[in-house]
Amino acid sequence: MHDAPESKQPTPSPSAESTAGTAAQLEKARRDKFDRLVALGIDPWGKRFGDVMPIADVRARGEGIDKAADDGPTVRVAGRIMLLRSAGSLVFIDLHDRTGRLQLMLGKKQVGPEVWKVIDCLDLGDIVGVDGRLGWSKTGEMTVFVSHLEFLTKSLATPPDKYHGLVDPELRQRMRYLDLIHGEGVRDRFVARSRIVEAVRRVLAARGFLEVEGPTLQETAGGAAARPFATHHNALDMPLVLRIALELHLKRLLVGGMERVFELGRVYRNEGVSTRHNPEFTMLEAYEAYGDYGTMMDLTEAIIVEAAQVAGAPARFEWMGRPVDLTPPFRRAKYDDLIREVTGCDPTDPASVAAAAATAGVETAGRHPDVIKSDLFEATVEKTLDGPVFVIDYPASICPLTKRKAGQPNVAERFELYVAGMELANAYTELNDPDLQEELFRTQLAGMAAEESMARMDTDFIAALRHGMPPAGGLGIGIDRLVMFLTAAASIRDVILFPIHRPRA
RNA sequence: GCCCCGUUAGCUCAAUUGGUCAGAGCAUCUGACUCUUAAUCAGAGGGUUCCUGGUUCGAGUCCAGGACGGGGCACCA
């Protein structure tokens, strides 16, 4: 075969519906190449292409090859065409796979006229596989000198700017697949998320915890103070809500003798969207019989240290402009002590707390003293916590699922872990007294709306407690926030692959 | 829910006090090139300036309303 037909390619006439530029016209150029591939007897959607080597492995081999050598090993790689430079009858391609980037060189003489016709049909974004000799170009770039090319998939849509990629945050989130291809560090961050989740499971499994799955459709959304999403089951004709926490069903399993359980799953809260909140997010909850909030602190440290390691986060770094030191043990500070330090009031004296709250602009009229104290804490102390720091021993009345400290009925054995002013984990010694639990479910704190309280009656849960739940420690970690923290992400939308959006206009 | 900001070609961005300002780069098309590196060089085409209305001789630009997004606040133990 010679190349004569190429010179007979008709020049598009200017009179034909305007030649190029709009999205439709850009796609037409690609569809024309698609048709040419079909005419050459090639399937533009490709097929199985076996024995592909990851580019990272190929690069490692290439490092050992002499720059002047022309007898390097034959390798096979596949991936997406990210850059394409044509110098007449010599074409350079930057090929990307999940492990890295590698340059290909294709010469007209070297590949022969059959393959050359295919190369003429390549666009940015196409997916190809090649065989070739691994070596170095004259300018010192590691290169596969292609001897055979297998066309694997045509890209019909125009990719984003090859240098800037996708910048518009709306497009980046709605078209996450493009963001993953073109965004700086985007894929790395989601790989880190997977590694972190693996690490969490590994730490728990090593300690004998069983992973279980509770119901996401529930009659009563308990275990947290949040508004649920409501739905309906048609066949049973019953209202249902999506879970807002994992807690109450995992504790039923403690009653059932599953002494160490955890669940890593999605929960749903019908509330505002922000850089730290998405309506659906991933929660870890773990429960350990015969433990307490102290054992949960050890477990929390173990999980976070392991997760930081696999995420490649150093022990000391800065997040959101604040210093963080992950060297265990993490600092422990009592709730009341922090309030005293930061506000100067006497945390044991409701009048003193109320005065400090008023100064901080916190609403006090007609509200329970512990609710005022809690709001004061959030308004003043929270933002000062660089962390990581375990804030321990909370006011009992705002902790309806928590065991009270022995001899101190007003103090709950609870901690929250703060980093850079953000709550990362929450744990307590679990309340296992069914009578007290029932009473707390019935008690509504003054100044707290029913939907804001986590004290929501669950009679089936009370019935379970009556059969005896062993003393236990329980832990909850917001996985999305943990990933944000360990990958230095400023927004929760950066660590959720497909965050919520309004429908496009 | 409230406040501030943004939206211009497929992508990334310009456009002076309202006046040939509908512009560039990438991408696309045509041509040249067997060692390029965001390849380069020469040429060509590509627009509902988010939508609706208003002010004006004249609106990408000013005003009102709306859509979507970003940030902040509220909400979220």
Side-chain angles (χ1 to χ4, degrees), chain A residues 7 9-14 16-30 32-33 82-94 101 103-111 123-125 135-143 145 157-175 178 182 223-227 244-245 269-279 281 370-371 374-375 377-378 382 391 394-395 397-402 412 414 416 423 426 428 445 448-449 451-455 476 478 490-491 493 501-505:
Chain A
S7 59
Q9 289 279 337
T11 312
S13 71
E17 41 178 296
S18 45
T19 48
T22 67
Q25 290 156 347
L26 290 171
E27 181 174 331
K28 185 176 182 305
R30 285 168 177 260
D32 286 347
K33 290 175 185 165
M82 296 297 287
L83 293 174
L84 194 152
R85 299 176 288 279
S86 170
S89 34
L90 192 62
V91 168
F92 293 91
I93 284 172
D94 276 18
R101 180 201 75 85
Q103 174 169 274
L104 312 179
M105 193 184 96
L106 306 101
K108 188 174 182 179
K109 282 180 192 160
Q110 290 84 341
V111 299
D123 279 308
L124 291 178
W136 300 81
S137 72
K138 285 180 184 168
T139 49
E141 171 94 15
M142 194 187 295
T143 300
F145 299 91
T158 313
D161 188 296
K162 68 186 179 187
Y163 183 64
H164 299 95
L166 271 193
V167 172
D168 182 343
E170 179 177 0
L171 289 179
R172 288 184 51 196
Q173 288 164 34
R174 290 192 198 265
M175 305 177 86
L178 289 182
H182 296 95
R227 298 173 61 187
I244 57 173
R269 298 186 181 178
N270 205 339
E271 282 155 4
V273 175
S274 80
T275 51
R276 294 179 177 193
H277 300 87
N278 194 64
F281 61 102
D370 283 346
V371 175
S374 168
D375 283 358
F377 183 90
E378 285 173 26
E382 229 175 70
V391 177
Y394 277 65
S397 49
I398 59 169
C399 309
L401 300 165
T402 309
R414 169 179 181 177
E416 290 192 355
E423 180 196 336
N426 176 27
Y428 28 88
L445 293 186
M448 192 179 269
E451 67 187 16
E452 287 173 4
S453 169
M454 71 171 94
S491 169
R493 287 187 286 274
H501 274 273
R502 284 197 168 88
R504 229 199 270 256

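Side chains included, hydrogens not; waters and symmetry mates left out as well; all remaining heavy atoms used. Chain A is the first sequence line, chain B the second, and so forth, proteins listed ahead of strands; every chain is numbered from 1.
Between Lys108(A) and the phosphate of U34(B), there is no side-chain N or O to OP1/OP2 separation shorter than 4.0 Å. Put simply, Arg502(A) has a side-chain N or O that comes within less than 4.0 Å of OP1 or OP2 on G69(B). Ser89(A) has a side-chain polar atom (N or O) that falls below the 4.0 Å cut-off from OP1 or OP2 of U34(B). For Gln103(A), no side-chain nitrogen or oxygen approaches OP1 or OP2 of C35(B) to under 4.0 Å. OP1 and OP2 of C73(B) both lie 4.0 Å or more from every side-chain N or O belonging to Ser274(A). Contact annotation: Lys28(A) does not reach the phosphate of G45(B) (side-chain N/O to OP1 or OP2, under 4.0 Å). Here Arg493(A) reaches the OP1 or OP2 of G70(B): one of its side-chain N or O atoms lies under 4.0 Å away. Taking only side-chain nitrogens and oxygens, His501(A) comes nearer than 4.0 Å to OP1 or OP2 of G69(B). The side chain of Arg174(A) places an N or O atom within less than 4.0 Å of a non-bridging phosphate oxygen (OP1 or OP2) of G69(B).
Comparing atom distances between the Glu141(A) side chain and each of A38(B), U36(B), C68(B) picks out U36(B) as nearest. Counting only heavy atoms from C-beta on, Thr275(A) has its side chain closest to G72(B) among G72(B), U36(B), A38(B). In this structure, the nucleotide among G72(B), A27(B), A38(B) sitting nearest to the side chain of Thr158(A) is A27(B). Distance from the side chain of Asp161(A) is smallest to G25(B) among G72(B), G25(B), A27(B). In the set G69(B), G10(B), C35(B), the nucleotide with an atom closest to the side chain of Ala23(A) is G10(B). Nearest nucleotide to the Leu171(A) side chain, out of G69(B), C11(B), A38(B): C11(B). You'll find that the side chain of Ser491(A) is closest to G71(B), out of U36(B), G69(B), G71(B). In the set C29(B), C35(B), U12(B), the nucleotide with an atom closest to the side chain of Leu166(A) is U12(B). For Leu83(A), taking side-chain heavy atoms from C-beta onward, the closest of the listed nucleotides U28(B), G69(B), A38(B) is A38(B).
Nearest heavy atom pair, residue Gly107(A) against residue Leu90(A), reads CA-CD1, 3.7 Å. Taking all atoms of both residues into account, the shortest heavy-atom contact from Phe145(A) to Trp136(A) is CZ-O, 3.4 Å. Residues Ile244(A) and Ala226(A) share a closest heavy-atom pair of CD1-O, 3.7 Å. Scanning all heavy atoms of the two residues, the minimum distance from Asn426(A) to Glu423(A) falls at CB-OE2, 3.7 Å. For Gln103(A) against Arg85(A), the heavy-atom pair with the smallest separation is OE1-NH2, 2.8 Å. Here the closest heavy-atom approach between residue Arg101(A) and residue Asp94(A) is recorded as NH1-OD2, 2.9 Å.
If you check every strand for non-hydrogen atoms under 4.0 Å, Asp94(A) touches nothing. Using a 4.0 Å heavy-atom distance criterion, Ala87(A) is classed as a base contact. Within the nucleic acid shown, Glu27(A) has no heavy atom closer than 4.0 Å to any nucleic acid atom. At the heavy-atom level, Ser86(A) lies under 4.0 Å from base atoms of the strands shown.
Separating the C1' atom of A14(B) from that of G58(B) is a span of 23 Å, rounded to the nearest Å. A gap of 13 Å separates the P atoms of C50(B) and C11(B), to the nearest Å. Only the C1' atoms considered, G19(B) is 13 Å distant from G60(B), to the nearest whole Å. Remark: the separation of the C1' atoms in A22(B) and C13(B) is 14 Å, to the nearest Å. For G18(B) and G25(B), the P atoms lie 29 Å apart once the distance is rounded to whole Å. Across U48(B) and A9(B), the matching P atoms stand 8 Å from one another, rounded to whole Å. G65(B) and A74(B): their P atoms are spaced 26 Å apart (whole Å). Atom C1' of A64(B) sits at a distance of 30 Å from the matching atom of G23(B), rounded to the whole Å.
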Walk me through it: do His182(A) and Arg172(A) pass the test side chain to side chain contact (heavy atoms under 4.5 Å, CB included)?
CA-CA 10 Å; His182(A) 296 95; Arg172(A) 288 184 51 196; over 6 Å; no
Report the C-alpha separation of Leu106(A) and Ile93(A) in whole Å, then their side-chain angles, then the decisive distance to 0.1 Å, and conclude whether the side chain to side chain contact (heavy atoms under 4.5 Å, CB included) test is met.
CA-CA 8 Å; Leu106(A) 306 101; Ile93(A) 284 172; 3.6 Å; yes
When you look at Arg493(A) and Val273(A), which way does the side chain to side chain contact (heavy atoms under 4.5 Å, CB included) test go after all the steps?
CA-CA 10 Å; Arg493(A) 287 187 286 274; Val273(A) 175; 3.6 Å; yes
Carefully, step by step, assess Gln173(A) and Leu166(A) under the rule side chain to side chain contact (heavy atoms under 4.5 Å, CB included).
CA-CA 10 Å; Gln173(A) 288 164 34; Leu166(A) 271 193; over 6 Å; no
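Taking atom CD of Glu170(A) as the reference point, atom P of G70(B) lies 7 Å away to the nearest angstrom. As a whole-Å value, the separation of Phe92(A) CZ from C33(B) P is 16 Å. Rounded to an integer number of Å, the gap from NE2 of His182(A) to P of C26(B) is 16 Å. Taking atom CG on Asp168(A) and atom P on G69(B), their separation rounds to 11 Å, with Å as the unit. Atom OH of Tyr163(A) and atom P of G10(B) are 23 Å apart (whole Å). Taking atom CZ of Arg227(A) as the reference point, atom P of G1(B) lies 11 Å away to the nearest angstrom. Note: CG (Leu178(A)) to C1' (U12(B)) measures 14 Å, nearest angstrom. What separates CG of Leu90(A) from P of C33(B) is a distance of 13 Å, to the nearest Å.
Proximity of a side-chain donor or acceptor of Ser274(A) to a complementary backbone N or O of Arg276(A) within less than 3.5 Å is detected.
For the strand RNA chain B, secondary-structure stems (runs of at least three Watson-Crick or G-U pairs, all distances below 3.5 Å) span B:1-7 with B:67-73, B:10-13 with B:23-26, B:28-32 with B:40-44, B:50-54 with B:62-66.
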